[in-house]
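Atoms within a ligand are numbered from 1 in the order they appear, just like the ligands themselves.
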Amino acid sequence: MDKFVIQGGNPLKGTLPISGSKNAALPLMAAGLLADGPVTITNIPLLNDIYTFNNVIRVTGTRVEFDEIRKRLIVDPTGLYHYESPYDLVRKMRASFYMAGALLGSVGYARVSLPGGCAWGPRPVNLHLEGLQALGAEISMDQGYVIAKAPNGRLPGGSFEMNPSSVGATVNLLLAAVRARGTSVIRNAAMEPDVVNLCENLNRLGARIDGTGTSLLTIEGVDSISSGEMDNIPDRIETGTFMIAAAMLPGSDITLKNTMERDLGTFTETFSKLQTGLEIGADTIRVQSGNTLPSVSVETAIYPGFPTDLQAQWATMMTQADGSSTVTDHIYPDRFSYVPELIRLGANVTQHDNQADIIGKSLLKGASVMSTDLRASVSLVMAGLVADGETEVLRVYHLDRGYETLENKLNAVGADIRRVTE
Ligand code: UD1
């Protein structure tokens with residue numbers, strides 16, 4: 001298992017390229033199953049979750065070719081014959097459950113393992129199942145697998161209201177609905193850029209989705225989705241992570257390129273309260289750390305609100321701010337496993353219910369800490385960058401799921417991170 005050994009104290013200076021979004025790429029890959037022929041998807045990040053999902057898709061007989069140099073993925077469902085996603089792959093990555101909607105939409109039958117829990121508590125799929133049922137699927141359970149059938153091979157379509165609004169369930173219902181016989185309506189649909197990008201790409205290949213970018217999606221089923229090209233968007237969470245890293249490391253001045261500020265929602269407005277230098281270009285964002293770092297409290301919300309995927313990083317930054325702040329997560333209330341690890345480094349943080357209370361300007365000192373999930377891990381790396389001395393972050397396989405060559409990118413702008421394979 002790999003670990004990172006980090007020497008803290010260096011500012012970040014230079015240009016950092018932002019990779020394609022993992023969370024936006026996965027729905028596009030699943031959508032490839034709906035097409036008549038090969039679909040080429042651009043800007044795919046080289047991440048373990050992408051390799052895992054490639055294998056999930058290949059189980060069905062769909063051809064998947066990954067051109068890692070050009071970061072393009074070809075998904076060709078012409079040979080699709082096996083309508084199943086097995087437990088040993090689905091348990092590695094919850095988004096594999098997108099295969100339920102994709103297989104239902106393409107062949108009218110899916111046998112997909114239930115994903116199970118995850119590092120920050122139970123993550124239900126009730127909305128996915130109730131939504132597919134509302135679209136006309138017959139759902140049954142068999143030894144931990146969900147079996148979903150479309151009567152006569154094609155879903156009739158129907159209406160469903162999400163409560164709460166769920167990214168994953170919206171994606172699954174879209175995948176199931178675009179090739180249904182009739183029209184479907186999703187109310188309180190997720191408006192995250194990952195969903196918007198899926199709708200735009202599907203519409204370009206012949207789908208009829210109306211209301212893209214709003215919480216009311218109307219999907220008129222079509223007979224076919226054509227082969228062609230889909231474009232992935234830049235990773236907004238990687239963008240936000242590096243913005244926060246630059247703000248918390250004194251003397252930093254970084255320019256993020258190949259990014260899209262538009263997809264950050266209200267994050268930029270919240271970030272601007274930190275009084276850093278902030279310059280936004282067409283596809284660049286420059287952040288210069290300020291002379292002081294004010295404390296700013298945040299509460300997560302659905303898009304365009306503050307993303308739950310950035311709260312651990314924000315809390316880590318707030319350990320270096322003047323004064324006290326709170327970080328509250330309304331989306332995933334248990335997502336605070338990083339708190340005890342930050343405390344090991346000397347942070348003054350207490351957690352109760354769905355909130356972390358942070359008293360700022362702690363002098364962090366290097367120690368060994370343990371990654372517990374993707375976003376917790378990156379925040380420990382950031383804590384290591386600001387800490388005095390040497391920090392070891394163990395189990396960085398979590399990071400490899402969602403951050404492309406994180407240590408190389410950060411080292412190129414002045415960090416000192418060594419990957420050690422044990
Ligand atoms: C996606 C992202 C994840 C991000 C999350 C919220 C991917 C692969 N993952 O996860 O990084 O943190 O959005 O932005 O894109 N819920 C239910 N029942 C359901 C489904 C969800 O109650 O059937 C609840 C969840 O418990 C949570 C809320 O809905 O409180 C939002 O979750 P959801 O948007 O579904 O997250 P994911 O799609 O799993």
Salt-bridge criterion met for Asp2 and Arg395 (N-O under 4.0 Å) | no
Nearest-option assignment for atom 11 (O) of ligand 1, heavy atoms, candidates Asp309, Asn163, Ile302, Ile237 = Asp309
Could you pull out, from Thr170, Ile331, Asp373, the option with a heavy atom nearest to atom 31 (C) of ligand 1?
-> Ile331
Sequence neighbours excluded, every pair satisfying salt bridge (Lys or Arg N to Asp or Glu O under 4.0 Å) that has a member inside residues 201-222 = Arg204-Asp231, Arg208-Glu220
Looking only at heavy atoms of Pro124, does any of them come nearer than 4.0 Å to an atom of ligand 1?
-> yes
Find all atoms of ligand 1 within a distance of less than 4.0 Å from any non-hydrogen atom belonging to Val167, and give their numbers and elements.
-> 13 (O), 33 (P), 34 (O), 35 (O), 38 (O)
Within a reach of under 6.0 Å around CZ of Arg418, are more than 12 heavy atoms found that belong to other residues, nucleotides or ligands?
-> no
Charged N to carboxylate O below 4.0 Å: is that the case for Arg419 and Asp400?
-> yes
Which residue from Pro164, Ser166, Ala169 reaches closest to atom 24 (C) of ligand 1 through any of its heavy atoms?
-> Pro164
Above 12 or not: heavy atoms from other molecules or residues under 6.0 Å from CD of Glu229?
-> yes
Can you find an N or O of Asn23 that's nearer than 3.5 Å to an N or O of ligand 1?
-> yes
What orientation do Trp314 and Phe267 show, parallel under 30°, tilted 30 to 60°, or perpendicular over 60°?
-> perpendicular
Between the side chain of Asn172 and the main-chain N/O of Gly101, is any donor-acceptor distance below 3.5 Å?
-> yes
When the aromatic ring centroids of Tyr87 and Tyr145 are compared, is their separation below 6.0 Å?
-> no
Contact with ligand 1 for Pro307, non-hydrogen, under 4.0 angstrom | no
State, to 0.1 Å, how close Asp235 and Lys22 come at their nearest heavy-atom pair, and which atoms those are.
-> OD2-N, 3.4 Å
Mind checking whether Leu127 contacts ligand 1 via backbone (N, CA, C, O), side chain (CB onward), both or neither, at a 4.0 Å heavy-atom cut-off?
-> both
Polar atom proximity, Tyr332 to ligand 1 (N or O, under 3.5 Å) | yes
Output the list of atoms in ligand 1 that are nearer than 4.0 Å to some heavy atom of Val125, sorted by atom number.
-> 23 (O)
What about Gly168: any of its N or O atoms under 3.5 Å from an N or O on ligand 1?
-> yes
Enumerate the atoms of ligand 1 whose separation from the nearest heavy atom of Thr308 is less than 4.0 angstrom.
-> 6 (C), 12 (O), 14 (O)
Tell me, which pairs form a salt bridge (Lys or Arg N to Asp or Glu O under 4.0 Å) where one or both residues lie in residues 124-151, sequence neighbours left out?
-> Arg111-Asp142
May I ask whether Asp194 has any heavy atom positioned less than 4.0 angstrom from an atom of ligand 1?
-> no
Ligand 1 contact by Arg335, heavy-atom criterion under 4.0 angstrom = yes
Under 3.5 Å, N or O to N or O, is Glu192 touching ligand 1 that way?
-> no
Counting from 1 in the order shown, the ligand 1 atoms closer than 4.0 Å to a non-hydrogen atom of His128 are 23 (O)
